[in-house]
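Let me begin by presenting the structure, written as structure tokens, before commenting on it.
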Amino acid sequence: MAVVFKRPHALKDIPMHYCPGCTHGIVHRLIAEVIDELGIEGKTVGISPVGCTYNNYEYFNCDMVQAAHGRAPAVATGVKRVNPDNIVFAYQGDGDLAAIGTAEIVHAAARGEKITVIFVNNAIYGMTSGQMAPTTLVNQVTTTTPFGRKPEIHGHPINVCELLSTLKGAVYVERVSVHDIKNIFNAKKAIKKAFKVQMANLGFSIVEVLSTCPTNWGLSPVEALKWLRDNMIPAYPLGNFKGKDLEV
Amino acid sequence: MGEKLLMKGNEVIAEAAIRAGCRFYFGYPITPQTEVMHYMAKRMPEVGGTFVQAESEIAAINMVYGAASAGGRVMTTSSSPGISLMQEGISYAACAELPLVMVNIVRCGPGLGGILPAQCDYFQSVKGGGHGDYKMVVLAPCSVQELYELTVEAFNISDRYRIITMILGDGILGQMMEAVEFRDVENIQNVEKPWAVTGTGMKREHNVITSIYIDPEVLEAHNRKLQEKYRLIEENEVRVEEYNCENADVIVVAFGTVARIVKNVIKTAEKEGIKVGLIRPVTLWPFPVKTFEKYATVPKAFLTVEMNAGQMLEDVKLAVNGKNKVDFLGRMGGMVPTQKEILDKIKELIW
């Protein structure tokens, strides 16, 4: 019998701890499929963040380093500078990357560090139970914006791809989503290209993945996918911001 | 004999690190240690190493964390407020058992304070400036020659025990020029790091560097393992200079540059018929407790002299353990104790 679908080798055969309907599992799988297809598992080093994915080092078969909150791009810099032949990726959430770690991501991009960042944006702090994130939408209710995010009080959301694409060192910047099959395929393409940009030594690459958090959004998994489509995509337009024409 | 040069303390730290095989340096500018960075920026490319000026001390220590995880011989240097910013990374690296070398060329605090010499970061270094039960080896050189030797040794200690080693100096030591002999670095040990994240090569299980242990039993077991390592270091790595302590009327306790002032005091006192001894802890942690046990009842009193409000004083009192009087003389804010002040205090203690 022909096997048509199986667990990627880069992913360990253990149950993940994510909530039902959470899309982190999909993003993990896409990264692992890309690592398999590029044949780079043996030289890849991943950096785990702080947040819901703090222990995703348990899920990947490649070498992994767990980093302090927001510091993954700095840790990735250190790893890559010691062993430039390694392929180094950092997995970060929106609080990690766009709040506490803003300096580290901006400067890693500005330096053009040859690392790949997978930035999962679900517009909320998941791990600590649903506080406002830098990417929380205007009027979105969270545990720290119980009456909705008001720009005059809480400021505006941060569009990370738009921000980083102004930096010369960031050579590949793309925003994707995982709310339906078509977009999942697009997301994989972007992640693969981001890794290939690093393999070609071209500079810093980042893929922002719009993602759901049914638990903290207070929605069912299906409702959450629709909410992402209807609310997040208008605020965070999908597409390539930089490096579309890079041949890799 | 090695090559003998007249060099500034901060530059000697950098050259010593290079000779000890350090090939990765990450730092952020702060006075009075910036010459280390300047030197590294020039020297690292010459030896095929990496120099990165980070966007902050927080980023610098996390780059160091990554580089140490990948098995690199790595160092960062800073000064008091910068070291405060690094405490998060220090605590994580201590838990993840990463070997790395740090230098703190201390300035006077608290706050932004001033850039003049002080020893007010003793507690921060020795008692744990970051969160959690951890220790780092703290070395306190008192001359430019010793800066060289202890910087080399710091890398060996770090690799041997998978621990952070910190050189604690002050602005006098960092800024002064003295003759230094670059003795052959024969004792550089190259330690295998099979735990490092270098890529599995599809030949082994994946390596993980982490400092998070959610299961309390596992975390307690990890803490016990760390504590066992600390006990081993206390057993093996104590360094101390004892000078003139036999039959001393007063034993002065001082570390770093203050100990040099005390040595001059000892000579002056001798002319006046007063026998003064010196205990100079070279490792501030592990603290040379046994030396104090040996001399606890010898002098009429111990006198701890520091450029702070009395920090090592607490460890001296614990080590003397109530068996003798322990007095204190301290200057703060960048003021350096004079020989006369120290001698007057000694006389006050014995008369």
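So that the names make sense, note that chain A is the first sequence line, chain B the second, and so on, each numbered from 1. The model shown is predicted, which means the values in this text are computed figures rather than measured ones.
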Q: Answer with side chain, backbone, both or neither: which region of B:T210 has an atom nearer than 4.5 Å to a non-hydrogen atom of chain A?
A: both
Q.
Looking at chain A, which one of B:S56, B:G199, B:A59, B:S211 has the largest number of heavy-atom pairs inside 4.5 Å, strictly under?
A. B:G199
Q. Between CD of A:E41 and OG1 of B:T200, what distance do you get to the nearest 0.5 Å?
A. 5.5 Å
Q. How long is the gap from CH2 on B:W195 to CG on A:D63, to the nearest 0.5 Å?
A. 11.5 Å
Q.
Could you check whether atom CD of B:E217 has more than 12 heavy atoms from other residues, nucleotides or ligands sitting under 6.0 Å from it?
A. no
Q | Pairwise distance CZ(A:R111) to CD(B:Q53) - rounded to 0.5 angstrom | A | 10.5 Å
Q: Examine whether an atom of B:V64 lies under 4.5 Å from a heavy atom of chain A, and if so say whether it belongs to the side chain, the backbone or both; otherwise answer neither.
A: neither
Q. Passes side chain to side chain contact (heavy atoms under 4.5 Å, CB included), A:K80 versus B:M63? Steps please.
A. CA-CA 10 Å; A:K80 184 75 178 185; B:M63 289 173 189; over 6 Å; no
Q.
Counting only non-hydrogen atoms closer than 4.5 Å, does A:V65 touch chain B with its backbone (N, CA, C, O), its side chain (CB onward), both, or neither?
A. both
Q.
Below 4.5 Å, heavy-atom pairs only: which of B:S91, B:A67, B:G201 has the largest tally toward chain A?
A. B:A67
Q) Considering residues, nucleotides and ligands other than B:Y28, do more than 12 of their heavy atoms fall under 6.0 Å from its OH? A) no
Q.
For the CZ atom of A:R71 and the CD atom of B:E88, what is their distance to the nearest 0.5 Å?
A. 4.5 Å
Q: Assess whether atom NZ of B:K42 is packed by more than 12 heavy atoms of other residues, nucleotides or ligands within 6.0 Å.
A: no
Q: Report the option among B:I212, B:V52, B:V74, B:I61 that has the most heavy-atom pairs separated by less than 4.5 Å from atoms of chain A.
A: B:I212
Q) Taking all non-hydrogen atoms of both residues, which atom of A:N61 and which atom of B:H206 are closest, and how far apart? A) O-CB, 2.9 Å
Q | Interatomic distance, B:Y65 atom OH to A:Q66 atom CD [nearest 0.5 angstrom] | A | 6.0 Å
Q. When you look at A:E104 and B:I58, which way does the side chain to side chain contact (heavy atoms under 4.5 Å, CB included) test go after all the steps?
A. CA-CA 9 Å; A:E104 284 78 9; B:I58 296 173; 3.6 Å; yes
Q) Taking A:C62, A:A67, A:S48, A:A103 one by one, which has the highest count of heavy-atom pairs under 4.5 Å against chain B? A) A:C62
Q.
If we define contacts as heavy-atom pairs under 4.5 Å, which of B:A196, B:A68, B:G71, B:A70 has the most with chain A?
A. B:A70
Q. To the nearest 0.5 Å, how far apart are OH in A:Y54 and CD1 in B:I214?
A. 4.0 Å
Q: Check for a donor-acceptor pair, side chain of A:N83 on one end and backbone N or O of B:T198 on the other, with a separation under 3.5 Å.
A: no
(Q) I'd like to know which of B:K203, B:R204, B:E205 tops the heavy-atom pair count under 4.5 Å against chain A. (A) B:R204
